[in-house]
Protein chains: 2
Amino acid sequence: MKASFEHVECKHCSNRFKSVFCKTENDMINEIEALKICSSIKKGDTIFREGSYASGVYCINAGKVKLSMFGDEGKEQIVRLAKPGDIIGYKALLSGDKYSSTASALEDCNVCFIPREIFLVILQKDAALSFEMMKVLSNELRQAEEKITHLAQKPVRERVAETILFLKETYGLDADNIVNVSLTREEIANLVGTATETAIRLLSEFNKDNIIELIGKKIKIIDQQKLTKTANLYD
Amino acid sequence: MKASFEHVECKHCSNRFKSVFCKTENDMINEIEALKICSSIKKGDTIFREGSYASGVYCINAGKVKLSMFGDEGKEQIVRLAKPGDIIGYKALLSGDKYSSTASALEDCNVCFIPREIFLVILQKDAALSFEMMKVLSNELRQAEEKITHLAQKPVRERVAETILFLKETYGLDADNIVNVSLTREEIANLVGTATETAIRLLSEFNKDNIIELIGKKIKIIDQQKLTKTANLYD
DNA sequence: GCTAAAACATGATTTTTATCATGTTTTATA
DNA sequence: TATAAAACATGATAAAAATCATGTTTTAGC
């Protein structure tokens, strides 16, 4: 159930200039403003579901969101993590298809729904938005292809380390070097592409080796260099 | 070395209407025509290389192209296969970055190079092209995410079967149900994300089980239904 | 604060898949 | 067409990772 929350006008949204709408003119922002539907999403709630018809995109105003695909036996694979300023659900909208993944809130969120029609109209009118959109898609695609390569070629150990670094890049660090997101071990496994037990084991191993410190669901990065080396990444 | 080949005018190009330029107006097509550089690429030759500066996109006029990323020990992962009418090299161009993969010809090819500037200018002017571009990107991204899920969750056997079906979808069948592409076993392995020996073993197994028939490098599909079942796909 | 469920943890075992070894066949080219 | 190199094939072995089993801790809801 989506409860509406107090509107922040799009043009004053703190995420505006770090979002895909950074180059979009005020008049178009106002068109979106007029038609958007904002809602509060509780932690764990589903924003949209794989296979359902795409009626618009969602702009994340606050909170963190995971996008998952479910394999044959219903096993989750997390294919993307989104943060405030990100939009989700655009793939389906652009390809005119159904949602290919399920979006659910990792914590309480505020999201703004932008109906299909207005988004497509503005995309037609605003070359800058289209271009930003293409940039976002290109970056996602490059990342996805890297992930494919790593899944195919790197051992789980390296991929777990890499995932911790990815979480750091995506959500940043709190004071005290703590990665600013809480995922269950199962979710980490579903992001890495491994069994939950394997992820747990490797995390405790990294903990023992003083690469990270496990503080409940939080991960504190103790030795960034060692972590990068464990991930076998040098760039 | 790229030798030029006899120009086919873009507006008369047989691939035009099945390409991303299907909705692009004649005057813009002519602008491309004026600046494109066509060349013949020999089988095995590199069209562009991962890490080099993206100076434009390539439109494939004839032939088949593989796009590969190279992992830590230089191991190839094929991330995309392209066919006539497809464009390659757009990710790097759009994100303003270097090529993230290496393109090489699987057979003799004719490709048309469209310089960065004109492509970007037309992208700005032509909302229809931008939209088609976004559709292409969205579809690629969805496919990539599916591939991630399958790499993480499906056993090699299913992925090999799936890859044969993917090759069929991409390049079609000759008369007599033969998949219209020749890849080495190593390339098939690098597409599946497995060891060459494992790919070889599974292909011979499928051969023995009368699912496919191996005719040199060609694969003939004997039992499509069994193949789909082996891939654990029902859609 | 009690209780059930979920999440976390860890050892033992099995399965899957990669690697290694070796030989044959095909392909390219001198 | 001779010859080397690449590609293909297959058995044996090793390594990696999943699964199974079981117990503990944490979390959420009454």
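It should be emphasised that the depicted structure is a prediction, and the values quoted were computed from it without experimental measurement. Throughout, protein chains are lettered first and strands after them, A, B, ... in sequence-line order, and every chain is numbered starting at 1.
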Hey, what are the protein-to-nucleotides 25-30 of chain C N/O distances that come in under 3.5 Å?
none

With [X], which residues qualify under side-chain contact (heavy atoms from CB on, under 4.5 Å), at least two apart?
X	answer
B:R157	B:L202, B:E205, B:F206, B:D209, B:T230
B:A199	B:A189, B:T194
A:D108	A:K42, A:K43
A:P155	A:E158

Heavy atom of residues 173-184 of chain A under 4.0 Å from DNA chain D: which residues? none
Scan residues 189-211 of chain B against DNA chain D and write down, sorted by residue number, each residue with any heavy atom closer than 4.0 Å; if none is found, say none. B:E197, B:I200, B:R201, B:S204
Taking only residues two or more places apart in sequence or in another chain, which ones pass side-chain hydrogen bond (donor to acceptor under 3.5 Å, both in side chains) with [X]?
X	result
A:K66	A:E76, A:E187
B:K226	none
B:E107	B:K64

Provide the full list of side chain to side chain donor-acceptor pair (under 3.5 Å) pairs with a residue in residues 169-178 of chain A, sequence neighbours left out, each pair given once. A:D176-A:K220
For the helix from C:dG1-D:dC30 to C:dA30-D:dT1, what angle separates the axis at the start from the axis at the finish, each from five pairs, in steps of 10°? 60°
